[in-house]
Amino acid sequence: MQSVTFNLLAREFRVEARARPLIDRRGRWARVAVAAAVVAGSAGLSAANASGGPASGPGYDFGLVPLSQVVPAPVSVQTEPERTFFLNSYSAIYATAGSADATDAANLVGTLLRPPTGYALPVRSLARGADADRDARGIVLALGGADARTNPEGYELTVTPQAITIRANQRAGLFDGVETLRQLLPAKVESPTAVPGPWAVEGGHILDYPRYGYRGAMLDVARHFFPVATVERYIDDIARYKIDYLHLHLADDQGWRIAVDSWPDLATVGGSTGVLGMLSGYYTKADYQTIVAYAKQHGVTVIPEIEGPAHMNAALASYAGLNCDGVAPAPYTGYVQSPNGDLCVHNAETYTFLDQVIGEIAAMTPGPYFGIGGDETQGLSASDVNYYEGRVAAIVHKYGKQVYGWQESLNSPDASSAVGQFWAPGVNDSQVVSAAQSGAKIVMSPATNAYLDMKYTPDEPAFPVGNSWAGYIEVNTAYNWDPATVLPGLPASSIMGVEAPVWTETVFAIDHIEQLAFPRMAAVAEIGWSPASAHDWTSFSHRLAEQGPRLREARVNYYLSPTVPWVWGS
Ligand code: TNX
């Protein structure tokens, strides 16, 4: 046995290289040098690498990431630095035999790790109850048998020299574990092309589960239309931080973005516009199904939203019969005047329209929620709004979905079974509290902290996009809030989670979406995932700093906020 001493950031540790028999990819026995890192002295590898910079001076840098460096912060972490795992060209990915969920998660691991490593990483099945240390050499996705605290969502991740095991009791937890693993590999794991290893992961154990089961991102594809590839890229971006819902705002004054067979002009007429005439278009049904399936393969559930009764100009312009006066208005391509058109609340055709639109979209949507909008109805009387919300809720229920609306929709007689998204304090606070007391669930999106279409700062010269009506939201402002205290009187048990919207009146490229969303999306994700006791800006900002090189490797356009102590190279 050889023993070599390396110098890592001026701290010494010793690597013992042993010749181990292994079975190579072609099934032959091979003798391969496997390195096991042993820490000398009191400085662990975590401490050695906590600054995140490259090793200085001569020596060898495994790029080990401390297990505690993850965003959002995990619930509990135990490190065992002497049990470091090295992914190599002989490694495989294992999924619990017979489990489609474990196989999907294993396939995602393969999709993420094959390009940067260049390894084959075949997906194999592993018997339920198998001993990963004995039966696997690689990354194991194991369904069942995880700590009960990971119900309904969460995972355990165990790293030994033989295997990294991600164990969860349900599908969602496996995907959460995959995103943690991704952050535990060196930043170059985000490279779209093959780069040299080593691919080391620090030994130890993580037990992790979310504070809130719902952590959403909303993308407004109505003001400007974004093609399927852009939405898929955004799904990749948000999944990194364990965002598990993508709320798609599919219709608004300036555009209708989804084909509906029974109302074809919605797409061809309503989809032909966008703010300032830019980026028009719509998703075919196949496109929408592609997005939904892609999201599922990344652990994300899509919520479609058809806004109403306000913000409906694109539909009103498509069909004259939806208007109270029977006259279709001109398309609207401005953005100052929105809401800009209400559905005709007491017109029977309105509900035939909603029934068919919601029916067709719900049939393509596996997730439990259907978005009905319901915000900014100031052009209508309270009783008309109430009537409309009751009718639309009945339709959503008929198609087997739960109502997901903006906070104003909680005036509905059916609000006790609905989800309301709280964005504007002071609009109808007591209505939201009483709906929550009677059973409604609340998603927190306070515009002053979680609206990612707000600019970071007034004096960012290179960044013309974004709004400011809810203020300027620096990264620390996106982090320093607590869903439990946003609305006094709200029962804690009614808070379902958090959501960060990107409205796109001023946004017309994935680069803009990403620069607005990152790194603030990571802040909102940690608020929604990590225990309140872990909430700490200093800790977060240092962990976030380590995300810089990752986002850069992944070519994500993020804002280099001066409030974040970015590490060298980010
Ligand atoms: C308010 S938030 C709106 C949207 C705008 C957004 C711009 C909400 C439910 N309504 O229609 O796009 O502000 O920040």
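Whatever order the structure lists ligands and atoms in, that order sets their numbers, starting from 1.
Here Tyr472 and Tyr456 keep their ring centres 6.0 angstrom or further from each other.
The protein atom (non-hydrogen) at minimum distance from atom 14 (O) of ligand 1 is Asp453 OD2, 2.6 Å. The protein non-hydrogen atom at the shortest distance from atom 13 (O) of ligand 1 is Trp469 CZ2, 3.4 Å. Nearest to atom 11 (O) of ligand 1 among the protein's heavy atoms is Arg223 NH2, 3.0 Å. Of the protein's non-hydrogen atoms, the one nearest atom 5 (C) of ligand 1 is Glu505 OE2, 3.2 Å. Among protein heavy atoms, the minimum distance from atom 2 (S) of ligand 1 is reached at Tyr451 OH, 2.5 Å. With hydrogens left out, the protein atom closest to atom 9 (C) of ligand 1 is Asp375 OD2, 3.0 Å, a heavy atom.
Geometrically, Arg391 engages Tyr351 in a cation-pi contact defined by less than 6.0 Å to the ring centre and at most 45° from the axis.
Less than 4.0 angstrom separates some heavy atom of Asn467 from each of these atoms of ligand 1: 7 (C), 14 (O). Shown in contact with His311 at under 4.0 Å from a heavy atom are these atoms of ligand 1, numbered in order with element: 11 (O). Heavy-atom proximity to Glu376, at under 4.0 Å, picks out these atoms of ligand 1: 3 (C), 10 (N), 11 (O). Close approach of ligand 1 to Met454 is summarised as follows: ligand atoms under 4.0 Å from at least one heavy atom of the residue are 14 (O). Each of the atoms 9 (C) of ligand 1 lies under 4.0 Å from some heavy atom of Trp406.
Relative ring orientation between Trp537 and Tyr479 is described as tilted, the plane-to-plane angle lying within the 30° to 60° band.
We find that Glu190 and Arg182 are joined by a salt bridge, their nearest charged nitrogen and carboxylate oxygen being less than 4.0 Å apart. A salt bridge is absent between Glu474 and Arg520: the closest approach of a Lys/Arg side-chain nitrogen to an acidic carboxylate oxygen does not fall below 4.0 angstrom.
No donor-acceptor contact under 3.5 angstrom links the side chains of Trp423 and Asp375, judged on distance only. The closest side-chain donor-acceptor pair between Tyr155 and Asp208 falls under 3.5 angstrom.
We find the CD-CZ distance between Glu408 and Phe422 to be 10.0 Å, quoted to the nearest 0.5 Å.
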